[in-house]
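All values derive from a computational prediction rather than experimental measurement. Letters A, B, ... are given to chains in the order of the sequence lines, protein chains preceding strands, and every chain is numbered from 1.
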Amino acid sequence: MLSLFLDFKRQVTVALENALYTLGLKTDDLGLEPSQHADIASKVAFRLAAQTKSNPMEIAERIVAAIELPENSLIGEIITVGPYINITVGRNYLEKTVKRITQEQESFGGGFCNGKILIEHTSANPNGPLHVGHIRNSVIGDTLVRILKKAGYEVDTHYYVNDMGRQIAIVSWAFSRFDFDSSKKPDHAIADVYIKANALLNEDPGKVSEIDKLMQLVENGDQSTIKSFDDAVALAISGIKQTLLRMNIIHDSFPHESSFVRSGAVFRIIEEIKATGRTKDDNGALVVDLSDYGFEKTMVIQRSDGTSLYTTRDLAYHEWKGKYGDRIIDVLGADHKLISGQLKATLNSIGKPEPEVVIFEFVSLPEGSMSTRRGKFIPADDLLEQIEQGAYLEVDRRRPQMPEKFKKEVASMVGIGAVRYDIVKVSPEKSTVFDWKDALDFEKQGAPFIQYSHARACNILNKAQDEGKWDMGYQADLSLLTEDTEVSLIKKMAAFDSIIDICARDLKPHTIAVYARELAEAFNQFYRFVPVVSAEEENIRASRLALVNCARIVLANSLDTLGIDAPESM
RNA sequence: GGUCCCGUGGCUUAGCCAGGAUAUAGCAUCGGGCUUCUAACCCGAGGGUCGGGGGUUCGAAUCCCUCCGGGAUCGCCA
């Protein structure tokens with residue numbers, strides 16, 4: 001169903017274009033934009049000032065005078081402020097919004113897109129636990145998944161498992177030399193031996209040839225080596241899955257790199273690339289020339305010992321994805337900027353669909369960049385543990401009389417929500433430095449603020465129900481919702497679907513985070529300004545309860561899109 | 001050194017791609033508000049050379065050039 005806001009915008013466009021036609025004017029840009037001064041504003045007078053050789057203010061006046069609105073328009077008022085044309089929504093728009101939210105409930109705000117999307121995110125190497133940098137990928141990726149699903153797409157989420165790279169060879173090699181602590185969470189135990197092995201390889205570079213040998217064995221299908229790789233990978237992935245699940249993140253499938261070697265897909269795609277004539281031999285390695293795509297350096301797709309690289313296997317993986325998805329999306333760290341550009345160029349050169357790549361910049365530590373290999377990282381599990389403990393103290397302080405189970409559940413929802421919100425609210429292209437004090441700060445107006453607003457709405461509805469003052473079926477008189485705080489709350493709720501639409505198109509998940517916060521703010525302002533359950537007149541009380549119910553729904557939908565739980569009480 | 005990303009009040013940050021109305025919020029600071037639906041809230045105040053300098057334009061945080069600072073990357077790692 002078309003978004004009411006977009007419908008409103010469309011009506012504004014038609015009204016303005018008709019007015020311009022009447023005046024004998026023409027432009028291809030109405031300059032429509034959201035504005036703090038109106039629900040939508042047009043800068044078209046600026047565009048036409050030169051054309052008509054008159055000043056913009058005058059043009060604006062003439063345009064507004066020429067506008068004719070049809071019956072039942074969603075448009076309310078159209079006025080000029082200097083050269084700007086400011087348009088506000090009408091009662092029709094506001095009342096339709098409340099009706100629609102009440103009807104559509106959880107499905108409100110989406111369902112306008114269709115098609116299949118394959119999205120890949122996280123895909124961290126299975127050589128240790130996820131750290132606080134990896135989960136930026138996970139949270140951005142999972143939020144995109146939720147946005148795209150909300151928009152109406154069928155979404156398949158992948159974690160691409162590197163089960164045959166050098167890192168995994170080192171892990172497998174480490175297993176034969178160091179004790180594996182099976183009392184630990186498996187991904188953490190893997191990191192322990194991986195770090196030791198790297199230290200040893202550093203001291204004794206002669207042992208590197210043993211790693212190379214393992215990689216060749218795996219590529220050539222040696223069963224026992226493959227099994228030792230697989231066992232290590234499975235252990236790491238099982239731990240990683242636990243961490244992701246704790247953050248409300250689930251992948252539909254875990255395609256393994258090795259499957260593209262063993263199926264012959266890697267061999268076939270190398271042949272396809274060779275057929276373009278852009279490959280050449282470089283000291284025994286096979287390289288691709290992408291200079292016509294703006295890449296000065298060639299890209300290696302086969303080592304001189306004949307084994308494949310991550311890049312090659314990734315090409316085969318993307319070729320496969322291109323067959324099954326209408327849109328292919330990869331969420332990757334900034335270190336993949338160059339390689340993903342080369343990947344896209346190579347796919348393009350053999351006529352295959354290219355992925356849309358969402359790049360996020362790195363999370364570093366105050367002392368420098370993180371490294372699993374050197375053991376310099378903060379595991380995501382540590383962060384989640386500490387934040388939940390911090391959240392528990394807060395809940396215990398505020399609701400001491402509540403049972404233990406309640407406190408634990410709320411602490412978990414609030415803690416995880418705070419982590420997810422803190423990550424997703426920052427736009428991906430900013431690099432960040434992890435700071436414990438900041439990460440554990442509950443005073444910021446983040447997820448708990450939004451969750452609390454939702455709990456507050458639930459609480460009002462519960463109270464009204466207990467007092468026999470609320471009945472879902474009651475037809476509220478929506479024309480009574482005229483207070484400023486009521487109107488701005490409705491406008492904010494109405495914007496939800498257009499925000500989803502923008503997020504799904506631009507793949508910018510931080511937009512929905514900002515929106516959710518603003519929605520909570522609008523609801524809190526309403527809550528402070530007007531009484532609901534205690535409203536004197538019954539029909540006013542009923543209309544406000546209908547509004548609170550809408551707020552509850554849209555807050556819940558927003559939180560769900562952010563992958564944050566919406567507590568009914570906290 | 002080449003290429004890409006970032007630089008916005010003390011700190012964090014929106015807006016930049018599609019240039020326009022007093023530059024957006026949060027934290028922190030200061031002041032006000034709980035006999036009234038959970039104050040994890042609300043209202044208000046102070047605080048900004050939008051990294052520096054040029055340019056384009058009637059108009060630049062936004063586009064172009066240049067310099068400075070931070071991050072990423074520059075073939076047989078992923």
Atom pairs under 3.5 Å: protein N/O with N/O of nucleotides 70-73 of chain B:
{"from": "B:rA72", "atom 1": "O2'", "to": "A:Ala334", "atom 2": "O", "distance (Å)": "3.0"}

* B:rU24 - base-pair partner by Watson-Crick or wobble geometry, distances under 3.5 Å -> none
* Structure fact -> Taken in chain and number order and not counting sequence neighbours, the residues that satisfy side-chain contact (heavy atoms from CB on, under 4.5 Å) with A:Ser371 are A:Arg373, A:Arg374
* Structure fact -> Sorted by chain and number, sequence neighbours left out, salt bridge (charged side-chain N to carboxylate O under 4.0 Å, His left out) with A:Arg136 holds for none
* Please name all residues satisfying side-chain contact (heavy atoms from CB on, under 4.5 Å) with A:Pro34, sequence neighbours left out, ordered by chain then number. => none
* Asked: Contact class for A:Ala455 (heavy atom, under 4.0 Å): base, sugar-phosphate, or nothing?
  -> base
* **With A:Lys408 via salt bridge (charged side-chain N to carboxylate O under 4.0 Å, His left out) - residues at least two apart** => A:Glu404
Enumerate the protein-to-nucleotides 25-30 of chain B contacts in which both atoms are nitrogen or oxygen and the separation is below 3.5 Å.
{"from": "B:rA25", "atom 1": "O2'", "to": "A:Arg517", "atom 2": "NH1", "distance (Å)": "3.1"}
{"from": "B:rA25", "atom 1": "O2'", "to": "A:Arg517", "atom 2": "NH2", "distance (Å)": "2.7"}
{"from": "B:rG26", "atom 1": "O2'", "to": "A:Gln445", "atom 2": "N", "distance (Å)": "3.4"}

Which protein N or O atoms sit under 3.5 Å from an N or O of nucleotides 60-65 of chain B?
none

Tabulate atom names and distances for all N/O pairs under 3.5 angstrom spanning the protein and nucleotides 34-36 of chain B.
none

* Just checking A:Val514: base, sugar-phosphate only, or nothing, at a heavy-atom cut-off of under 4.0 Å? -> nothing
Distances under 3.5 Å between protein N/O atoms and the N/O atoms of nucleotides 44-47 of chain B, please, pair by pair.
none

* Please report, rounded to the nearest Å, how far the C1' atom of B:rA14 is from the NZ atom of A:Lys430. => 9 Å
* To do: Check every strand shown and say whether A:Ala464 touches a base, only sugar-phosphate, or nothing at a heavy-atom separation below 4.0 Å.
  => nothing
* How close or far is atom C1' of B:rC77 from atom CG of A:Leu201, stated in whole angstroms? -> 13 Å
* **Length of the OH-P vector between A:Tyr293 and B:rC74, whole Å** => 22 Å
* Counting only distance, no hydrogens or angles, is the base of B:rA21 paired donor-acceptor with the side chain of A:Asn86 under 3.5 Å? -> yes
* Could you list the residues that satisfy salt bridge (charged side-chain N to carboxylate O under 4.0 Å, His left out) with A:Asp305, not counting sequence neighbours? => none
* To do: Determine the contact category for A:Glu257: base if any of its heavy atoms lies under 4.0 Å from a base atom, sugar-phosphate if only primed atoms, P, OP1 or OP2 are that close, otherwise nothing.
  => sugar-phosphate
* **Non-neighbouring partners of A:Arg10 that pass side-chain hydrogen bond (donor to acceptor under 3.5 Å, both in side chains), sequence neighbours left out** => A:Asp7
* Structure fact -> Sequence neighbours excluded, the answer for side-chain contact (heavy atoms from CB on, under 4.5 Å) partners of A:Gln167 is A:Asn125, A:Asn127, A:Asn162, A:Tyr194
